[in-house]
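Below is one structure, written out as structure tokens; the observations come after it.
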Amino acid sequence: MSAEPRKILVTSALPYANGSIHLGHLVEYIQSDTWARFQKLRGEHCTYVCASDTHGTPIMIRARAENIEPEQLIERIGAEQLADLEAFGVAFDNFYTTHSEENEQLVVRMYEALSANGHIYTKTIEQAYDETKSMFLPDRFVKGTCPRCRSEDQYGDACEVCGATYTPDELIDPVSVLSDTRPVWRESEHYFFRLSAFTDDLRDWMRRAALHQNISSKLEEWFEAGLQDWDISRDAPYFGFRIPGTEDKYFYVWLDAPVGYLASFLHLCRRRDDLDFDAYWDADSPHEVYHFIGKDIVYFHTLFWPAVLKGSGMREPTSVFAHGFLTINGKKMSKSRGTFINARTWLRHLDTSSLRYYYAAKLGPGMDDIDLSLDDFVARVNADLVGKLVNIASRCAGFITKQFDGQLAERLDDEDLFGEFVAEADAVAAEYEGREYSKAMRRVMALADRANRYIEARKPWLMIKDAAQRDDVQLVCTQGLNLFRTLMIYLAPVLPAVAERTRALFGDDAWRWADAAAPVLGRRIDKYEALLTRIDPKQVNAVIEESKEAPAAAQPAATTTDEATVSIDDFARVDLRVARVVAAEPVEGADKLLRLTLDLGDSRRQVFAGIKAAYAPDALVGRHVIAVANLAPRKMRFGVSEGMVLAAGPGGEDIFLLSVDSGAEAGMRVK
RNA sequence: GGUGAUGUAGCUCAGUUGGUCAGAGCGACGGACUCAUAACCCGUAGGUCGGUGGUUCAAAUCCACCCAUCACCA
């Protein structure tokens, strides 16, 4: 490791604020979160940002359908997406929105730079127009009969039956999906980005970025076909940013979306002394910037985006990492098969470490699709994680706790063996760095096998029967626990929740990668609690069953088990935070409700609380309460409630808010 | 339709530049053990590497064609 930490900015693709996070999305977030966590664990200065992608026609249409403003829709969905991602351990340094002041300023700044550099021109094009809705229609909003194979009800850009591609005006009997009327073709002036002028720059960038073979061969393909200029404008009505100097032209969502990476980073820079926006984004920045994306958006991230950055006088990304898609049981996710699984559904029945591990065990640096085979998932997680990995701790900790009062020996039993585990650190690190997670998992599990064999060979359960060998039992179990601890440090990027529990078990301070090489000796450990529990196939079945019908919208969570207890995992899913009441007011038309605006440190939420009879609004402002930060947002008659505040009592006047001792600040996690 | 990717033991996958490359884990089966969340340890199983044809002394590994699955086509 170099003395000076690397400065790294990592992004995940922005989730579109039009739907729920599902297992497919999670491949990307878990992959990039793991990488960012690895860099941080190694002591690098790594920042990981993301944002909600909020603009475009689909969001405008959906908001209309729900009879709300687009702003309300994107705020609700964005909060829900962030909560889901955080529940899976995805730890952004910042999750922002493309519908922000920062983003608009950056988009305009970049557009003006592009314009000044001669990279923008206008051209009149013809486009489908819905006269009843008074709006231009994107290709996907026109349907009709395929001109080639005559299949009915096909989208305006391609036929799903015969695979033909065409433009909407070639469709037979085209109709607008918004009104079922026949669209007309109207002319409109559009703004174009001169992508074709950047071919040489992009070729040059492609070499420097050392893109994965699969991506660069794709790019070569596109270069050979010749780059086409890019239509970056859309006509009103459109939900997005208006192009300066125009009345009714808006930036296409795909222009402002990647700028959202910058906006989220800028938003964070303004709150952090150790981050300087320009130092990362100036054309000659020495820092590293990486985008993790899915293979479906390679075009945008390896052509448009670097070209737009270059054209606006900024630096290009250091590299772009693309992953494949997720299949479940070998097939595309499907609602009828129950394999279109939302993150939220998963959380109700299964823990998140298991999925993180399974994905890691399958992920490599390439663009190949990965398969979540549910039977294999259960077998693999139970065998690898519970059977061999956690088992090491489980079989050693008992002796230490019961026989030695939790006291670890002062030395190791087998320094050489420990040394073998330490010697793998560089190889594991290199595999993480190269996103060869599957290889890293394989390597770590091979070590776990080795640790189990070591214990098997020493047989502490026999030694304990002989008073003369009592000290050796302590040595062997100290050895075993330290082998386990080293492995858990290696796995911390993938299994942050289990790593955290392990760290606490040993009473360590925050782990760094190098700690894996230094055994913990002579210390008293906490009482061992199960770090993970086996998965029952019934849990997976429950997820499938629940996913089969239309996603149960905001159904109260079914109890996850028959038992009256919850696991530590279950509890950890509830994100309790200290919140400061910024504003409180009665809700018109509701007898019991107060509308609270809560400050959660990094965000503000609107929450409705049934405490009107017990608390005067004015008395609440400024005080701290405990809020559930990841409760699914709920649409109420008066607006969306984005959480709940904790209170005790039967209700009515007898309701008592929980508070925290002085010193606590808004945003602190309760645990 | 064009382009590209993938197709290796029941399952999930490794196999750098062609010659110990026919492998691992899981499952299954047999045995041992009982510290551990029926976990762990030892052993067995044995797929003509999607198909056909070709190049080569030698191909899962190169070429051609075919089949299947998947993706992209701004």
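Computed from a predicted structure; not experimentally measured.
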Report task. With side-chain hydrogen bond (donor to acceptor under 3.5 Å, both in side chains) as the test, would you mind laying out the steps for D229(A) and Y121(A) before giving the verdict? Result -> CA-CA 10 Å; D229(A) 291 343; Y121(A) 65 94; 2.7 Å; yes
Gap in Å between the two [atom1] atoms, one belonging to [N] and one to [M], rounded:
N	M	atom1	value
G51(B)	U69(B)	C1'	15 Å
C21(B)	C49(B)	C1'	10 Å
U20(B)	U52(B)	P	23 Å
A39(B)	C33(B)	C1'	12 Å
A36(B)	U17(B)	P	48 Å

Could you please name the partner base of [N], counting Watson-Crick and G-U wobble pairs only when both distances are under 3.5 Å?
N	result
C13(B)	G23(B)
A5(B)	U69(B)
G30(B)	C42(B)
U56(B)	none
G47(B)	none

Requested in this report: Calculate the interatomic distance between E436(A) atom CD and C13(B) atom P; express it in whole Å.
Outcome: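 The answer, rounded to whole Å, is 15 Å.
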Touch class at under 4.0 angstrom, heavy-atom based, for [X] against every strand present:
X	value
Y252(A)	nothing
K388(A)	sugar-phosphate
G294(A)	nothing
G398(A)	nothing
D375(A)	nothing
R453(A)	sugar-phosphate
N382(A)	nothing
F325(A)	sugar-phosphate
D371(A)	sugar-phosphate
V298(A)	nothing

Query raised in the report: OP1, OP2 of A24(B) versus side-chain N and O of K439(A): anything below 4.0 Å?
Result: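 Answer no for this pair, as no side-chain N or O of K439(A) is under 4.0 Å from OP1 or OP2.
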What's the closest nucleotide to the side chain of [X] if the choices are [options]?
X	options	result
S394(A)	U37(B), U34(B), C41(B)	U37(B)
S373(A)	C13(B), C11(B), U37(B)	C11(B)
R442(A)	A14(B), A36(B), C41(B)	A14(B)

Query raised in the report: Considering all heavy atoms of both residues, which atom of L114(A) and which atom of S312(A) are nearest to each other, and what is their separation?
Result: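 So the minimum-distance heavy-atom pair works out to CD2-N, 3.6 Å.
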Query raised in the report: For the residue pair F292(A) and E28(A), what are the closest heavy atoms and their distance?
Result: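 Minimum heavy-atom contact is O-OE2, 3.1 Å.
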Query - Pairwise distance CD1(I535(A)) to OH(Y358(A)) - rounded to 0.5 angstrom - result: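 Those atoms lie 11.0 Å apart.
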**Report entry** Residue closer to the 5' end of RNA chain B, W222(A) versus N329(A) (nearest nucleotide)
**Finding:**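 Nearer the 5' end of the strand: N329(A).
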Query raised in the report: On RNA chain B, nearest-nucleotide positions of E456(A) versus R380(A): which is more 5'?
Result: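 The residue whose closest nucleotide sits nearer the 5' end is R380(A).
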**Report entry** Step-by-step side-chain hydrogen bond (donor to acceptor under 3.5 Å, both in side chains) determination, Y357(A) to D384(A)
**Finding:** CA-CA 9 Å; Y357(A) 174 73; D384(A) 286 1; 2.7 Å; yes
Query raised in the report: What do you reckon, are the aromatic ring centroids of Y359(A) and H323(A) less than 6.0 Å apart?
Result: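 No, they do not, as the ring centres are separated by 6.0 Å or more.
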